[in-house]
Amino acid sequence: MFNDKLCCHIPTFRTERLLCLPEAEGGTDCKSVDNCDIGTVRMEFLKEDENAEVLQKVTKLMQSFENQVESLKSKVDIVDVTEKIKSKSGTSDETVILKNLHNTNLPALAIILDKLLEEKDGLSVQKRMEYLGLRQHVAMSLETFTKARSLGEVMHQLAKDLHQSTTTCYLDAQVALTTAYNSLFQACICCFLVCRYQGDVEHAKKYLDEAKSVAEKANNDDDYQMALIYHADWLLAKGNLNSAINEFLEPLLHKKNLTMQNKGLLLQKLGNACRSAAQWGLAKQHLRESIRIAQSLGDKVAEYDRATDLGNVYRSEGRISDAIKHQSRHMTFAFQRGKFDEAIIHHEKYRVNGLQRGDDGGVAIMQREMALDYLLKGDLKRAEIQVKNALLTLETIRTKLGTEDSSRLANFDKNQAEAYNFLQVILVKQGMIKEALALSEFARGRAITDVIRDNLLKNLRDSPSSWLWRDDIILKTEMKEELVGDIIQDFYSTADLLNSSFLVYSVVKSYTLDRKPEKMLYIWVVKCSAHVQEGEERIGFASIQLKGENFDCKLVEDNKFFSSLCRSFAYVNLSNDEILRSLAVKETTDTITKEQPEAVDDVIPDIPDTEGAQHFISLLNSLKLKEIGREEEISKDKFAESSRGSEISKEGVLQDDSSSKSNEKMSEIERITFLRGQWEKEGQQQLKLLYRICVEPVIKFLPTSRGGVSPRLIVIPQEFLFSVPFCALKNQNGRYFVEDYIISYAPSLRAIHLLHFRNSHLRKLQGNRNRRVLAIGNPKMAVGNLPELEFAAKEAFMVQRIFGDGDCTVATGEHAKKSFVLEKLKEVDIIHLASHAAPRDPVVDGTTVADGDYLMRGFVILAPSSDECEGILLAREIEQVPCSCQLVMLSCCETGLGKVTGDGVVGLYRSFLAAGAAGVVVTLWEIRDDLTLEFMETFYNNFKKEDDVPAALRAAMMYLLKERGLPPSQWAAFSFIGVSRENQINRFGFNQLYL
């Protein structure tokens, strides 16, 4: 019977997803509300958010659903289809008709089934049972639980009567016995599920026990195993998580005789249980396998349902974009059938709140709240104990995430960063400055250093026991004095070995007595011993409130400040959005889709390819708010010469009303020149403000020049500071920071150690031979209408001239193929890329949202490898190939930009570090094609002599500043992230550890 294959899909329509409270998001508690009230609950839920824009769009979405229901009803000739079903009763044709309606048109199916069930005579008990089961399934999807339960109880009574009479009267009729048994078992399961979703767990248990009993008596192992799976589901509803997993789900998973249908259902339930237990890595593994099983069985209902569950795991990790991507597929599929899953409303509410709601597990939330209570009471020691307990809980959760980089990134940003920053606040208030610095290491660069470490461990003979290598160091040491001492000692020894001082930043949130948050900037200076005076402390510290009389609060509240800064320095020509628009012309081609690898082992159902589905997706997309920092209008202004791509904004341009009329009469070049003057002036003011915030508070601690040698600074930024061009910060005397210091950047102290380790290994592989260099310039593009970069090609040949023809390979035009570059990444020591680039993807799924997106974004344009290739090298592709480069030079626009997280910037440079590079030179804004050639020539001449990337960058900047008299817009975009010098590395003693 058709309903034999439907009963397992009833869990698809779990309306309680909307009703789960955000605070209990990892658990199973839900309100027992009949789904007739869901519309009211939804609107009340949204009104609490006070977000009129979202409420308006959701209302539009709901109206679209109501229109879709009426449209679906009108698409079917109810009378004609009803008569066809009657005439085909008991045949495969009847099954085909019902199954098609079930997958495509639930509202029409409900009407037809009601008409069929109105038949008093001529309808057998078995057929009535079949129609009732299907009708109850539709009610679970479209109507109220009360309606579904009423139908289920009628079906159950009929099934009991049929089973009893068949057992008594037809002992020799095996077919009749099987039919009666199937009807009763399904009726019990259907009634169990509707009671379970109503919150009536006692009646649910009675139906479940009956299902197990009849299955056991019939010796039906498959059904009995299904009942055991639902028994675990009942335990989850009761809150008995461990019993459900350990006594039922895990033992069942190891049974060898499971049907594929039962195995898929079991993996789904186990995945959801693991999510509740915060074992997100296992949850994803089980749910992905359950989706694959549904796909292999051709079971679309189960496939999309399980994709929603996988999306819930992503939401728990903080990967909101991935969550909505998966759940929107289910939404669209359901929309086509006339069934609206309310989960997306809950997720939209969650997304709009900006990941600020606690989702770390009830214990960690409680501990953190208690820490805040003690802080406000002035009991700092107890506050410290509580927040450390919260962090231990969160670290335990982190160990269960699995190895996916995006999951670790999202989990830290959503669940751990605030607690680690809060710990720093409590320690600083106690005067424990060194302790705050040491433990701040765990608030930055965690995921990227995990990736670097894991890659290094593959080549090690033994695994070092230092905190730098241990994933469980927090749990093992519980953040006690020994760990703090080790980290501080490593700061000192690293500073001495590199002859560099550290400039370390933390952006933290403190609280006023009325619990209002206030942003603070903590700044540490750790000096190398060569610059420490007798009796002077090696660590200096200052803190500054970021929202006060002296500073514009939008500095930390609004990313437009930095968009404006980069705009002030950008070379006015081709905007990043124009690059993306140009590349997106072929947005629907297979080629671009193939060049966007999904997350590791991920399973994403397709969006149904129908007009209605696409309309619904557009409605879902309309729910998204504007991406932070991307709200600005895109300038349409063009300049005569070429640049290498960037986004240019008009937001914040200084306006001069008196000049507006004359501006209209200016030529385009004159107008751009006029605007550049204003933008440059505005940018200079911003650099002075940033100097006051980032440098001035600790200027007395910074080392000074000795014997004409500029001291070295390694900047370890956090949050918005990743967008700050420290080299160009300007003091009140008009002197730029780079004039006094050789500056480089790193995500963390741990990253410096591990990258030095990597660089040592790469130098060892190089041996005594000269460096192999690959220079790419002005690739021939297969897509878009982007201008050629004449000087980029000259730049590539300039690199070859400096390193020599025998050591440097040049590829320009059609020879700069994507496949060639990917292959060479594992062979060359230095790669120079001069082309168009952008920090976002050329084609992004319509359901992707900015605030929960932790995938690597960004790309460099190369020449196509074949007719099927567009030549777009994505950041996510780079991180998946081995890279042996000591230096990656990204001589393109905005390669240092991307999503800013606690781990750093998630973008192009990070993908090269993840792939195996020791250091990357990036840009913060759009760079000029012609002047970049001059900059790079000075850089490489100095680098060839000194083998020192930060010093060579400073030399190039000083040349353009002093010799050419150019403003920072033309030289300060470049930053070096990583390590480069060889002369100090061997002193770490790393070589002995390698295989």
Side-chain angles (χ1 to χ4, degrees), residues 566 568-574 639-646 669 672-673 676 679-680 683 710 725 727-728 736-739 742-744 773-779 787-804 808 810 812 816 830-837 860 887-896 920-976 980:
C566 292
S568 300
F569 290 163
Y571 186 61
V572 182
N573 180 47
L574 188 67
F639 201 67
E641 301 176 37
S642 294
S643 70
R644 301 180 188 180
S646 176
I669 291 180
I672 293 301
T673 303
R676 275 215 57 80
W679 289 349
E680 191 79 50
S710 297
C727 291
Y736 293 107
F737 205 37
V738 74
E739 294 184 65
I742 299 171
I743 300 170
S744 63
V773 182
L774 173 64
I776 303 295
N778 192 27
E788 289 196 11
L789 301 172
E790 174 190 356
F791 290 92
K794 294 179 180 179
E795 196 173 296
F797 287 107
M798 173 272 296
V799 174
Q800 186 181 54
R801 186 177 68 254
I802 291 174
F803 284 95
C808 180
V810 170
T812 61
I830 297 173
I831 185 168
H832 179 97
L833 292 171
S835 180
H836 286 293
V860 176
L887 172 64
V888 175
M889 174 62 74
L890 297 178
S891 184
C892 318
C893 293
E894 299 185 325
T895 50
V920 188
V921 174
V922 300
T923 56
L924 288 177
W925 55 79
E926 191 178 280
I927 54 177
R928 268 179 61 163
D929 190 31
D930 54 349
L931 287 178
T932 301
L933 172 60
E934 287 189 60
F935 182 96
M936 288 298 166
E937 186 168 13
T938 306
F939 166 80
Y940 278 113
N941 278 323
N942 280 272
F943 176 67
K944 187 72 163 40
K945 295 175 185 176
E946 304 294 335
D947 193 21
D948 187 338
V949 175
L953 278 178
R954 178 177 183 269
M957 292 179 185
M958 294 299 290
Y959 166 74
L960 291 183
L961 171 64
K962 297 296 186 180
E963 301 296 325
R964 294 291 311 278
L966 295 174
S969 57
Q970 308 304 331
W971 49 262
F974 296 93
S975 302
F976 176 64
S980 71

Query raised in the report: Taking all non-hydrogen atoms of both residues, which atom of Gln970 and which atom of Leu960 are closest, and how far apart?
Result: O-CD1, 3.6 Å
Query raised in the report: Looking only at heavy atoms, what is the nearest atom pair of Pro779 and Ala834, with distance?
Result: CD-O, 3.8 Å
Query - With sequence neighbours excluded, residues passing side-chain hydrogen bond (donor to acceptor under 3.5 Å, both in side chains) with Ser710 - result: Arg954
Query raised in the report: Under 3.5 Å, side chain of Thr923 to main-chain N/O of Glu894, donor-acceptor pair present?
Result: yes
**Report entry** side-chain hydrogen bond (donor to acceptor under 3.5 Å, both in side chains) against Ser744, all qualifying residues, sequence neighbours excluded
**Finding:** none
Query - Contacts of Tyr959 that satisfy ring-ring contact (aromatic ring centres under 6.0 Å, His included) - sequence neighbours left out - result: none
Requested in this report: Please state whether the rings of Phe935 and Phe974 are parallel, tilted or perpendicular, taking 30° and 60° as the class boundaries.
Outcome: parallel
Report task. For Asn941 and Ile802, indicate whether the former's side chain and the latter's backbone hold a donor-acceptor pair under 3.5 Å. Result -> no
Query raised in the report: Ignoring hydrogens and geometry, is there a side-chain-to-backbone donor-acceptor pair from Asn778 to Leu789 under 3.5 Å?
Result: yes
Query raised in the report: About how many Å separate CG of Leu887 and CD1 of Ile830, when rounded to the nearest 0.5 Å?
Result: 5.5 Å
Requested in this report: Go through Met889 and Val799 one step at a time and tell me if the side chain to side chain contact (heavy atoms under 4.5 Å, CB included) criterion holds.
Outcome: CA-CA 11 Å; Met889 174 62 74; Val799 174; over 6 Å; no
Report task. First locate atom CZ of Phe791, then atom CE of Met798, and finally report the distance between them rounded to the nearest 0.5 Å. Result -> 12.5 Å
Query raised in the report: Nearest heavy-atom pair of Ala972 and Pro725: which atoms, and what distance?
Result: O-CB, 3.9 Å
Query raised in the report: Residues in side-chain hydrogen bond (donor to acceptor under 3.5 Å, both in side chains) with Glu739, at least two apart?
Result: Arg735, Lys962
**Report entry** Intermediate values then yes/no, side chain to side chain contact (heavy atoms under 4.5 Å, CB included), Met936 and His832
**Finding:** CA-CA 10 Å; Met936 288 298 166; His832 179 97; 3.9 Å; yes
Report task. Apply ring-ring contact (aromatic ring centres under 6.0 Å, His included) to Phe939 and list each qualifying residue two or more places apart in sequence or on a separate chain. Result -> Phe943
Query raised in the report: Going by atom types alone, do Thr932 and Glu795 pair a side-chain donor with an acceptor below 3.5 Å?
Result: no
Query raised in the report: Which residues pass the side-chain hydrogen bond (donor to acceptor under 3.5 Å, both in side chains) test with Gln800, sequence neighbours left out?
Result: none
Report summary line: d(Leu924 CG, Cys727 SG) to nearest 0.5 Å is 9.5 Å
Query raised in the report: At their closest point, which heavy atom of Asp929 faces which heavy atom of Ala792, and how far apart are they?
Result: OD1-N, 3.2 Å
Report summary line: Smallest heavy-atom separation, Ala973 atom then Ile927 atom, equals CB-CG2, 4.0 Å
Query - Glu937 and Lys794 ion-paired at < 4.0 Å - result: no
Report task. Looking only at non-hydrogen atoms, find the nearest pair between Phe976 and Pro950 and report the distance. Result -> CD2-CG, 3.8 Å
**Report entry** Backbone of Ser891 reached by a side-chain donor or acceptor of Thr895 within 3.5 Å
**Finding:** no
**Report entry** Point-to-point distance, once rounded to the nearest 0.5 Å, from CG of Leu966 to CH2 of Trp971
**Finding:** 10.0 Å
Query raised in the report: From Thr938 OG1 over to Leu953 CG, what is the distance, rounded to the nearest 0.5 angstrom?
Result: 11.0 Å
Query raised in the report: Just how far is it from atom CD1 of Ile743 to atom CE of Met957, taken to the nearest 0.5 Å?
Result: 8.0 Å
